[in-house]
Every structure is written in C-alpha cells, then in structure tokens.
Amino acid sequence: MKHDDIPKAYEPGSIEPHWARVWVEEKLFTPEVAARHRTPDKGTYSLAIPPPNVTGSLHMGHMLEHTQIDILMRWRRMQGYRVLWLPGTDHAGIATQVIVERQLAEEKLTRQQLGRDEFERRVWAWKAESGDTIKKQMVRLGTSCDWTRERFTLEPALYQAVLEAFLRLYREGLIYRGRYMINWCPRCHTALSDLEVEHSEREAKLYYIKYPVLGTEYSVTVATTRPETMLGDTAVAVHPEDERFRHLVGKRALLPLMKREIPIIADEYVSREFGTGVVKITPAHDPNDFEVGRRHGLPEIDVMDNEARINEQGGAYRGLDRFAARKKVLADLEAQGLLEKVEPYRHAVGACQRCKTLLEPKISEQWFCQMEPLAKPAIEAVRCGLIKIVPENWEKVYLDWMERIHDWCISRQLWWGHRIPVWHCNDCRALTPARDSRVEMVDARPQPASAPETCQQCGSRRLTQDPDVLDTWFSSALWPFSTLGWPDDTADLRDFYPTTLMINGFDILFFWDARMIMTGLKFIPQEAMEARIPFRTLYIHALVRDAERQKMSKTRGNVLDPLVVTEEYGTDATRFTLAIMAAPGSDIALSADRLRSYRAFANKIWNAARFLFINLEKFEAAHGELPDVSPLAWRMALPLDLDLADRWIFSRLERATGVMNLALEGFRYHEAAHVIYHFFWHEFCDWYIEWVKPKLTDENLEVAKVAWRVLFAVFDEALRLLHPFMPFLTEELWHRLPGCAQLGSISLQDFPLSRPEWANYQAEQEMALVQDAIVALRNIRAKMKIDARHHVPGELATSDQAVLALFRGHRQAILRLANLSAL
RNA sequence: GGGCGGUUAGCUCAGCGGUAGAGCAUCCCGCUUACACCGGGAAGGUCGUCCGUUCGAAUCGGACAUCGCCCACCA
C-alpha cells in the first residue's frame, strides 16, 4: 500500500459513485444475499418505502426521510437482522395527470382532444421516460433499498391487489355508489376527498339579502357569503324555537331574481345568534344545506356546471362564471333594493390541494367507502399498543381523526389510475362488478381481465365500464402487503409482514398511515390482530424547511435538489447534517453553516485515517515489519495492562456505543450523531491521537506495537459506529484498513455493541485531571512566553509524571494561576 | 371553535429535576511533519412573563403573552 497520494482534503465526489454502484451490483441490500455473509440471523426487519411520485424527482424532504430510514436499516443490518427496505413508486393519479396535461397544453392540446386511450398511452410514455429518475437519484445517494424488489402501484401485480381489495369491499357493501355532496375542483374537474381540501382563512363579505314573504308586506333577511348560490335556493330556514320567526314557519318566501316560491322551514341546524337567524337553504351547494334539504325533502337544484359556471338552472345568469355571477347577482339585488347591507367577514374557504383553485361543494354521483367498520379495529390496534406511534402525541391526533371519520370518496374523474372495476348496464343501469381480480395487459397497460359479460340484473350484454378511477391513496393504502405479493400467499409476505417500521411525515398520517392500518387489518387473512397490522411502529418525522422556514414539498416550487447539495458538501456530510438536526418533533431549517461544519467533520475523519496510514508506512519503513492491526488481530489480542489514555479512550468508546444504540432505538438521531461527533473529534482526535503519537515511534518495539493495535482498534470501532450515518466515507476507509478489504463491505460487519467491561470511571476521572493539568500548563507556558510552541498531551504522558503529581496536589491553585492574565 | 408545538448565547437549535450546551459568528494565540474544512484559549444567557410544587426548576403544574402548525359543515 502506498498512502503518499492520499489527498489532504476528503473528496467525496471521487469515491461515492463507485461504492453506490458496487452496493447495487453486489445486491448487498437484498436480505438473502446479505444473510449469506452473516451467520447469526436475528430475524427480519422490514420497511416499505413511502413511495415517491413516479414522475417526480428527489427533494430534501425525501432525503431527510430516506436518511432517517437508511440509518436504521444499516444499523439493524449490521446488527445481524435480515433487513428488507422495499423501494417503489406511486402512480400519483392527479399529480401525474396534471404534469402530462401541462405538457399537452404546450402543444395546444387537451386530454379530451386526445381521447382516453391515447392520453393514457402518453402518461405511460412519460412514466417510461422519467419514471426511474428517483431510483437513479436514490442509488446515487447510497440508499440501501433492495432494488430487486422494486414495485410500482400501477404494475399488474399491484393492480390485482387493488381489484381484489375493491371487489371484496364492494361485495360486502362497504363500497357503495351514491349521490352526495362532495368537494369539486372546477379546474381539475374531479371530486376530491375531504383530506384533499386545504382550508385557509380569507377576508370576505357577509351579504344580507331580503326575501319577501308571500302574502305579507314584509320580508326576512338572510346572510350569506356566497350570494350567487341563491339561484339554487329551495327554502329559507329558522330555528324551531326562535320566537322571532315562529309565525313565519309554514309560510312561503319569494326567491328574488329567480321569482321562485320557496318554503320557510324550521330546523335545529340554524343558529339563532349568527347573522339574522334566518338562513337560505341551497341543498345543491352547501354541505349543511344538503343535510337540511334531505331532512325536509327539498329539491336539489344544481345551478353550476363542472367549470363552476352558472348553468341553465340559473336563468339569466347562465354562462357566467361563479364570481362574475356573484357580481351580477349583487348588482341586481342592489337595483331592486333587496341588498340590505354588506359586512366584512373573515372565514375559512376550501381550496384544491393540488391547484389551489377554490373548491365548489357539489352534489354528485360518486363512489364511497364506508369507514366506520374499518376504523374500529384500526383504533383498537393503536389504543392497545400493537401499533406504536412515535412521538406519542401523534397517537392522539390519529385517534381523534379516526373517531370522527367520514366516509371516503374514492372515485376521481381522472384517466390516470386504477379504473373502477364495475360496469354499468346501458339498458337497466344496474351495476355489475368484474368477476374476479385477475389483471391482463392490454396494449401494454394493465386492465381487469374478467369484465362481466352480462348485466347481473337484466342479463343485457350492453355494458360500459365506469369511467372513474380510484383515488391514488386507495392503492397506497395496500402498499405494505401488495408489495409483498398479496393477495397471493407468498414467502415474502410470510417473511416480512407485518413490517417492522413505517417512517413518514405527519402530512400523510391520515392520507396514508391510517388507511394502511385499516386495510391491513381488513385484508390480511390471519386471526391475530398482531399478524394483520401493517407495521409495528410508526415514526413521524419532522419536515425539512428552507432557510426561510418555508415548507418544502412536491407541490411547492421551493424544493432543494439533494444532488446539488450533496455535490457541494458530500452525501455523507449532508446525511450527517440531516441526522444531527433531526430532533423528534421539531422541524429542520437546513443551513449552509451546518452543512459546512459537517463536511469539515467528514474531512476530519478522512485526515485521522490519513495520519494512521502515513505513519503506519513510516513504521514499516523503519522496522521492516508492520504491527498486526487488522480487526481480527486486535480483537483476539488486546493487552490487559493498558495505560491511562488507552483505558480512558475505551471507556469513552463504550459510552458512545451505549448511547448510540439506545438513541437509535428511540429514533433520537440527533443524539446518536452528537455522541459520535463528539467522541470522534474531541476525544479520539483532539486527545487520544495526540496522546499516542510519541508511543507510536517508541524505541521499545513492543510498546509501539501495542499502541498501534489499540489505535486501530478504536478507529475501526468508530468507523462502524459512523457507518449508518456516513456510509460512503466509512466504506472507503474500511477498505483501506489493513486486513479489512477481504472481509467485505463494512455494511455487513457488526455494529459495535455495548461492552460494559470497557467502561472505566476511574480512568475517566483521572484523565479529566490530566486534561486539566495539560490545559493549565499550556496556558502558563503561553502566558509566560516560556515556549512559543504549544505542547501536545503526549509530552506530559511520556516525560513529566512528576508535574502531574504536583498538579494533583495543587490543582485549584494551578488552575487559578493558569487563568491569570497578569502573567 | 377545538387540538398540538415553539419561545434557551449575536444567529440556528439541542438539553427537559440537581452547579447552563452544540454548530456558526466574535476576540486572542498558534501554519507543532493527519487535518487552517486545523489546533489552543477567551468572551457571551437572571433558559418569553407571572404564580405554584420541591431541599432544589430551563427542566414538573397552572395562568398569561407571542409565533407557527393541524383539525373543524355555523350560513
């Protein structure tokens, strides 16, 4: 070996791609391959990746998540578990469709012009083109996934899982179709689930409008924020016990502008305190009014089309956009003297999560999934502790939501996704589901293979498949078991399910985690609940924010490209930064300062290694032989009669090891990272290496050899502790250590376990004293200008025990003296 | 309207019952043959406010202030 050519500065760019490639080529992260290198098998440890959007690319949020997962995966793998981290991507229905539609728009095309088949082909083409961007990026970043098991939510096997789940829920009546009020996005032209609505407070106006009461000379005044919806009013309501209006109940009012007679009804829903105590009822355009309308059998007059323009039900306002209609309605009311007053009003409105367009509540025929029967066991599983949510406060959030859960609108008026496997009869309109869950490839796209041939009600052969696709989260909900082969009873499913862990951000706690728990409990054919849960522990990580503390996310434009950051600072340093800043519960504001300082840490490690290598060469040159410093040798033959600094460094190493293992058990990445950082830099480098320097060249060859062996022992252990955090650097250095290359990858070596016999409190106390002494002496010398140069610890260790004894006797006095600037 | 989280050194944040910590920035001294992406030293905080529990509180309880987030069908 020749180490003269080791660069002084660590250059991550020159080694990372190499190891990234080797790891994948050797399939080290395929559990069966890894197991061949390891004998004691501690059982399986598995995690199904939160699948990124297939057409997306990595942002810092991914990198944080993947770093946190990867640290635990590598740590457990080193501990001897058969670790499976199953990667894959999500077809991401609406997100992906929007991207392709945007591309079409550049060609001045719409998907409608293209037609459904051609549009789907375009999306598949786009997927083929950009679908493995994420994978390439993850491989480059060393993410230790088992790429031989990669999955995609729209591939045939997972399509089959979706069909199986849908058909079972459908047959049991848990999936139903009906006309209800849903959230409609006038831009995306699709229904959305409640979760996809973003509420935000806005300044608005409260308009007070007079409705004449028929057969009297007076009128009632209603208050509304959306006057244009009055075109669809079918009643006016008051509280049943409101004395002010009791006499009006049963009378009729004349709906202004539309000249329609509508009843005045009484309903508990009306609040006597708000507004005027009289409410206009628009069953087709407000969720509350919808309920009231159904209770009283009121007509539901939908006055808007899918673009939120007034339709033919809106009389003179037909064709106007909802906001234009509002202006005109107000102007007309004003002209007729029916607009009593306008007040400023602040309230929350709902917008489309995807495109931020204001949503329109709309009555629509959609598919729903009944939630209560699924939620009950999912609540139970968390409440009884079978599934642990960390940090604990999220458990309460989860339970609160689950206990007030509403039915889930699962149909989307999109073309990209799993099409609903139910056919409509063109003759009798009855519904007939696919006969089974088999999937076939038609035109390179997976489709249900067993379409019904005849209507199950009238026997007609004229059937049309429902045009809608399923909410993208429907397939995600099955992810932990669909990726392992369900509905088939596969070896992987038996081996790795339930998965050990799930790690994701709180933003998908309801969207995803809750639904995985419900579906796992529903579909896994095991008796015991503990065998059906999708994961045993759910760790909710914080979000990465940019310097302005803005949330980084797929839909916002402020994403930081991890590849750019890692290019500048190195993947290991970036990972370390994310880990050491990842205290549970608080968000991370990524800063260049921190990245720089942990790049310096990587450099420090590199140079400590460089010191070892260079001086080992010098030793060989001087003595014509090498001390045996391979891990095999030092583990067999560490001497018992070590001196103070040796006993001290082993004691500190043992402490670091113990704390790191405990911290990682509890997802306290920051604590683990702090411990190894401090140990490596400020104990191993600043004190220990300085201390042993003289010994390494001791005239007594045996003394020198022991020093070398201890030095490498500690360094080797430190590299292993560091490996989950800095896989590239440690892998590179491990391979350069004498005798290590032939042992294979560091990722398959043992992670250091706690060795309590190494803890040595006495050595730590003595060492603290010595360190004080050295610092004091250095200060005194510097201040007295006895010697311009500062002295390394080793000088004291080897030559000046008498000074130490003196110091021991007069510690306080010397320390005081040392700090006197008067000297 | 409910719920959650933050408020600690100039900046960004750890600590969460026993004499205030890190990184960066600042000041002083050192280019000692691993590393100036370095080494040594120093300065800097009555831990948002008030009340309480305790021998003892940044750390536990309560109130308040302030910032942020999540959930929510009062038009």
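Just so we're on the same page: letters track the sequence lines, and every chain starts at 1. Below, each value reflects all heavy atoms present in this structure, side chains not excepted, and no hydrogens, waters or symmetry copies.
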Query raised in the report: If only atom types and distance count, is the side chain of R575(A) paired as donor or acceptor with the main-chain N or O of F725(A) below 3.5 Å?
Result: yes
N/O to N/O distances under 3.5 Å, protein versus nucleotides 2-4 of chain B:
none

Query - Salt-bridge present (E228(A), R322(A); N to O < 4.0 Å) - result: no
Query raised in the report: Under the 3.5 angstrom rule, does the side chain of H285(A) hit a backbone N or O of V303(A) as a donor-acceptor pair?
Result: yes
Query raised in the report: When we call it a touch if two heavy atoms are under 4.0 Å apart, what does A609(A) touch: a base, just sugar-phosphate, or nothing?
Result: nothing
Query - Of the listed nucleotides A75(B), C35(B), C71(B), the one nearest the side chain of F510(A) - result: C71(B)
Report task. Can you figure out which of C70(B), A75(B), C35(B) approaches the side chain of N603(A) most closely? Result -> C35(B)
Requested in this report: Keeping the roles fixed (side chain from D716(A), backbone from F712(A)), state whether a donor-acceptor pair exists under 3.5 Å.
Outcome: no
Requested in this report: Sticking with atom C1', work out how far A42(B) lies from G3(B), rounded to a whole angstrom.
Outcome: 47 Å
Query raised in the report: CZ of R610(A) versus P of C37(B): gap in Å, rounded?
Result: 14 Å
**Report entry** Sugar-phosphate, base or nothing in reach of F576(A), heavy atoms under 4.0 Å
**Finding:** nothing
Report summary line: Which of A34(B), C74(B), G15(B) is nearest the side chain of H670(A)? It is G15(B)
Query raised in the report: Are the side chain of D289(A) and the backbone of T282(A) linked by a donor-acceptor contact shorter than 3.5 Å?
Result: yes
Query raised in the report: In whole Å, what separates the C1' atom of C67(B) from that of C35(B)?
Result: 43 Å
Report task. Check the distance between A34(B)'s C1' and F619(A)'s CZ and give it to me in whole angstrom. Result -> 18 Å
Requested in this report: Using the C1' atom as the reference point in each nucleotide, state the distance between G18(B) and A58(B) in Å, no decimals.
Outcome: 12 Å
Report task. Could you check how far CG of D507(A) sits from P of C71(B), rounded to whole Å? Result -> 10 Å
Query raised in the report: Does the distance from a Lys or Arg side-chain N to an Asp or Glu carboxylate O, for R383(A) and E403(A), drop under 4.0 Å?
Result: yes
Requested in this report: For E690(A) and U33(B), give me the distance from atom CD to atom P, rounded to whole Å.
Outcome: 11 Å
Query - Any W681(A) side-chain nitrogen or oxygen under 4.0 Å from OP1 or OP2 of G39(B) - result: yes
Query raised in the report: Using a distance-only test with no angle check, is there a side-chain donor-acceptor pair under 3.5 angstrom linking D194(A) and H406(A)?
Result: no
Query - W687(A) (side chain) donor-acceptor with A645(A) (main chain) under 3.5 angstrom - result: no
Query - Whole angstrom value for the distance that separates P of C73(B) from NZ of K280(A) - result: 19 Å
Report task. Whole angstrom is fine here: how far is it from CD in E198(A) over to P in C70(B)? Result -> 8 Å
Query raised in the report: When you check the gap from the basic side-chain N to the acidic O, do K618(A) and E620(A) get nearer than 4.0 Å?
Result: no
Provide a list of protein-nucleic acid N or O atom pairs under 3.5 angstrom, restricted to nucleotides 17-23 of chain B.
| from | atom 1 | to | atom 2 | distance (Å) |
| --- | --- | --- | --- | --- |
| G23(B) | O2' | S597(A) | OG | 3.0 |

**Report entry** Nucleotide A25(B), atom C1' - distance to CZ of R596(A) in whole Å
**Finding:** 11 Å
Query raised in the report: Charged N to carboxylate O below 4.0 Å: is that the case for R272(A) and D242(A)?
Result: no
Report task. Check every atom of A34(B), C74(B), C38(B) against the side chain of F274(A) and return the nucleotide holding the closest atom. Result -> C74(B)
Report summary line: Dot-bracket assigned to RNA chain B with the 3.5 Å Watson-Crick/G-U criterion, [ ] for crossing and | for other-strand pairs, is ((((((((.[[[[.)..(..]]]].(((((.......))))).....[[[[[..)....]]]]])))))))....
Query raised in the report: Can you tell me how far P in G6(B) sits from the matching atom in C60(B), rounded to whole Å?
Result: 10 Å
Report summary line: To the nearest 0.5 Å, atom CZ of F611(A) lies from atom SG of C685(A) at 10.0 Å
Query raised in the report: When you compare G21(B) with G44(B), how far apart are their P atoms, in angstrom units rounded to a whole number?
Result: 14 Å
Query raised in the report: With a 3.5 Å cut-off and just heavy-atom distances, do the side chain of K8(A) and the base of C35(B) make a donor-acceptor pair?
Result: no
**Report entry** Distance in angstrom units between Y10(A) OH and C35(B) P, rounded
**Finding:** 18 Å
Query raised in the report: Quick one: do R404(A) and D400(A) make a salt bridge, cutoff under 4.0 Å?
Result: no
Query raised in the report: Side chain of A608(A): nearest nucleotide among C73(B), C35(B), A34(B)?
Result: A34(B)
Query raised in the report: At under 4.0 Å between heavy atoms, what does T224(A) touch on the DNA or RNA strands: base, sugar-phosphate, or nothing?
Result: sugar-phosphate
Query - Whole-angstrom distance between A65(B) and U49(B), as gauged at atom C1' - result: 7 Å
Query raised in the report: Could R596(A) and E568(A) be called an ion pair, given the rule that one side-chain N must be under 4.0 Å from one carboxylate O?
Result: no
Report task. Describe the nucleic acid contact of R404(A) in one word from base, sugar-phosphate, nothing, applying a heavy-atom distance below 4.0 Å. Result -> sugar-phosphate
